[in-house]
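Some notes on the structure that comes next.
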Amino acid sequence: MSRTTRLSFPLLRAAAVTGVAALTLTACGSGSGSGSGSSSAGSGDVKVGLITKTDTNPFFVKMKEGAEKTAKAEGVELMTAAGKFDGDNAGQVTAIENMVAAGVKGILITPSDSKAIVPAIEKAKAKGVLVIALDTPTEPQSAVDALFATDNLKAGELIGEYAKAAMKGKTAKIATLDLAPGVSVGVQRHNGFLKGFGATDKDVLCAQDTGGDQAKGQTAMENCLQKEPGINLVYTINEPAALGAYTALKAKGREKDVLIVSVDGGCTGTQAVKDGKIAATSQQYPLKMAAEGVKAVVSYAKNGKKASGYTDTGVTLITDKAQSGVDSKGTAFGLENCWG
């Protein structure tokens, strides 16, 4: 989810200590609770760090849940931190520094700014810390030791292929409700959608950035309808943006004749597919990303072997209106495997 964005702001390290930093840092271990600024040891002395973009997005809530469950099972201590807002690179930098100082063996991170975070990651790696990106690749991807993530290009392609089949030869008047300029997740999903549909940016009649936010998605859709009233196909970066688009379309009496496709597979979004508000979504699996990440750090701590390369954690097209030639599963499967 989505989930994504990248402005970079200077932040004094002292701010984190005095409580005005843009993040919350907590630590919990096997059988222990967690609290802001607290640290309690697990059954071993291995520490694992998890840094997400925010701690409110359901995607990252599920990711944290997966990390906590696996850390408990492995008997290691988990430290967690999250930016104050999606795009808080400075907060993530401070979190890395704090975790390295606390002696973590590895850090799992969903970068808010894929490029700006790289120097902080390099400093951590230079001190022997294993760094794994979850969900969002760094730029370059090789800046981290490994990446556990959805193939976002594939996720976009799946819904593009689905939209092409569902349009049944009708001329598409496309709007794209994207993330923000240059964010890798957003770019890959957008490009994947166009590739799957067999279109290019020249075929897009209206493109708006939403930050993956529902209210901004509604405003973006309203702007697109004002610019191009005949839009009949809407791609959205995630399901909150899709639901915002649906609200705007419903206000115009257009919700029945505009096809909306999306990416993420959160529980609210999957329910919206079941309810007919969204035609299809590409579901991804954040709990698996985090669980596999924690296991990789534990393995590194035990035998010194570093995870490397890219691990695809899977994506499934979810719809109750299957189209010939496009692999998909229904919302019953989607709701069993959703997050948030």
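The structure displayed is predicted, hence computed values, not measured ones.
Using a 4.5 Å cut-off on side-chain heavy atoms (C-beta onward), Ile51 and Leu108 make no contact. At a threshold of 4.5 Å between non-hydrogen side-chain atoms, the residues Leu259 and Asn232 do not count as touching. Under the 4.5 Å side-chain criterion, counting only non-hydrogen atoms from C-beta, Thr210 is not in contact with Asp178. Within the 4.5 Å cutoff, the side chain of Leu317 has no heavy atoms near those of the Asp327 side chain. You'll find the side chain of Leu78 reaches within 4.5 Å of the side chain of Leu50, heavy atoms only. Put simply, the side chain of Tyr300 does not reach to within 4.5 Å of the side chain of Lys305, judged on heavy atoms. With contacts defined as side-chain heavy-atom distances shorter than 4.5 Å, the pair Arg254/Leu225 qualifies. No side-chain heavy atom of Ile159 sits less than 4.5 Å from a side-chain heavy atom of Thr281.
Met63 and Leu147 fall into different hydrophobic clusters, where Ile, Leu, Val, Met, Phe, Trp and Tyr side chains are chained together by heavy-atom contacts under 4.5 Å. The hydrophobic cluster containing Leu287 does not contain Val294, counting ILVMFWY residues as joined when their side-chain heavy atoms lie under 4.5 angstrom apart, directly or transitively. Ile132 and Val76 fall within a single hydrophobic cluster, where Ile, Leu, Val, Met, Phe, Trp and Tyr side chains are chained together by heavy-atom contacts under 4.5 Å. Ile117 is connected to Ile107 through a chain of hydrophobic side-chain contacts under 4.5 Å among Ile, Leu, Val, Met, Phe, Trp and Tyr, so both are in one cluster. Under the 4.5 Å side-chain heavy-atom criterion for ILVMFWY residues, a single connected hydrophobic cluster contains both Tyr246 and Val234.
Minimum interatomic distance between Gly265 and Cys338 (heavy atoms only, all atoms of both residues): O-CB, 3.4 Å. Across every non-hydrogen atom of Ala307 and Ala296, the tightest pair is CB-CB, 4.0 Å. The minimum heavy-atom distance linking Pro111 with Thr138 is given by the pair CG-CG2, 3.8 Å. When all heavy atoms of Ala163 and Leu233 are compared, the closest pair comes out as CB-CD1, 3.9 Å. Nearest heavy-atom pair across Val129 and Val104 is CG2-O, 3.7 Å. The nearest pair of heavy atoms linking Gln323 to Lys321 is NE2-O, 3.3 Å.
With hydrogens and angles ignored, the 3.5 Å screen pairs no side-chain donor or acceptor of Thr236 with any backbone N or O of Glu239. Side-chain atoms of Thr313 come within 3.5 Å of backbone atoms of Ala149 as a donor-acceptor pair (strictly under, hydrogens ignored). Looking only at distances, no side-chain donor or acceptor of Ser114 sits under 3.5 Å from a matching main-chain atom of Glu139. Put simply, the side chain of Asp145 gets close to the backbone of Val131: a donor and an acceptor are under 3.5 Å apart. At distances below 3.5 Å, at least one donor-acceptor pair connects side-chain atoms of Thr70 with backbone N or O atoms of Gly66. Ser282 contributes a side-chain N or O that, together with a main-chain N or O of Ala155, makes up a donor-acceptor pair within less than 3.5 Å.
Listed by chain and number, the hydrophobic cluster partners of Tyr285 are Ile318, Phe333, where partners are ILVMFWY side chains within reach of under 4.5 Å, directly or through others.
Annotation for Lys115: atom NZ does not count as buried by contact number, only 12 or fewer foreign heavy atoms lying within 6.0 Å. Atom NZ of Lys195 sits in a sparse spot, with 12 or fewer heavy atoms from other residues, nucleotides or ligands closer than 6.0 Å.
Note that SG of Cys224 is 12.0 Å distant from CD1 of Ile174, once rounded to the nearest 0.5 Å. To the nearest 0.5 Å, atom NZ of residue Lys250 and atom NZ of residue Lys277 are 6.5 Å apart. Atom CH2 of residue Trp339 and atom OG1 of residue Thr268 lie 8.5 Å apart, to the nearest 0.5 angstrom. From Lys53, atom NZ reaches atom CG of Asp86 across 5.5 Å, with rounding to the nearest 0.5 Å. Distance check: Asn152 CG to Asn191 CG gives 11.0 Å after rounding to the nearest 0.5 Å. Note that CD1 of Ile109 and OG1 of Thr136 are 9.5 Å apart. Values are rounded to the nearest 0.5 Å.
Side-chain contact annotation: Gln188 with Lys154, donor-acceptor N/O pair under 3.5 Å absent. Counting only N and O atoms by type, the side chains of Thr52 and Thr110 include no donor and acceptor under 3.5 Å apart. A donor-acceptor pair shorter than 3.5 Å cannot be found between the side chains of Gln92 and Asp88. Judged purely by distance below 3.5 Å, without hydrogens or angles, the side chains of Asp264 and Gln284 pair a donor atom with an acceptor atom.
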Go through it in stages, so that I can follow the logic: the residues are Leu158 and Val315, the test is side-chain contact (heavy atoms from CB on, under 4.5 Å), and I'd like the CA-CA distance, side-chain angles, deciding distance and then a yes or no. CA-CA 9 Å; Leu158 280 173; Val315 61; 4.0 Å; yes

Check against side-chain contact (heavy atoms from CB on, under 4.5 Å), Val297 and Val48: CA-CA 7 Å; Val297 176; Val48 181; 3.6 Å; yes

Given the rule in the side-chain contact (heavy atoms from CB on, under 4.5 Å) test, do Cys206 and Ile231 qualify, once you have shown the distances and angles that lead to the verdict? CA-CA 9 Å; Cys206 182; Ile231 284 168; 4.1 Å; yes

Run the side-chain contact (heavy atoms from CB on, under 4.5 Å) check on Ile237 and His190 step by step: do they pass? CA-CA 7 Å; Ile237 179 63; His190 173 98; over 6 Å; no

Test side-chain hydrogen bond (donor to acceptor under 3.5 Å, both in side chains) applied to Tyr162 and Thr319, step by step: CA-CA 9 Å; Tyr162 175 87; Thr319 183; 3.2 Å; yes

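Test Lys216, Glu222, Met221 against Gln218 for side-chain contact (heavy atoms from CB on, under 4.5 Å) and you get one pass: Glu222.
Ring pair Tyr235/Phe193 is parallel by interplanar angle, where below 30° counts as parallel and above 60° as perpendicular.
Between Glu161 and Lys164, no side-chain nitrogen of the basic residue sits less than 4.0 Å from a carboxylate oxygen of the acidic one, so the salt-bridge criterion is not met. Remark: Lys329 does not engage Asp320 in a salt bridge, criterion side-chain N to carboxylate O under 4.0 Å.
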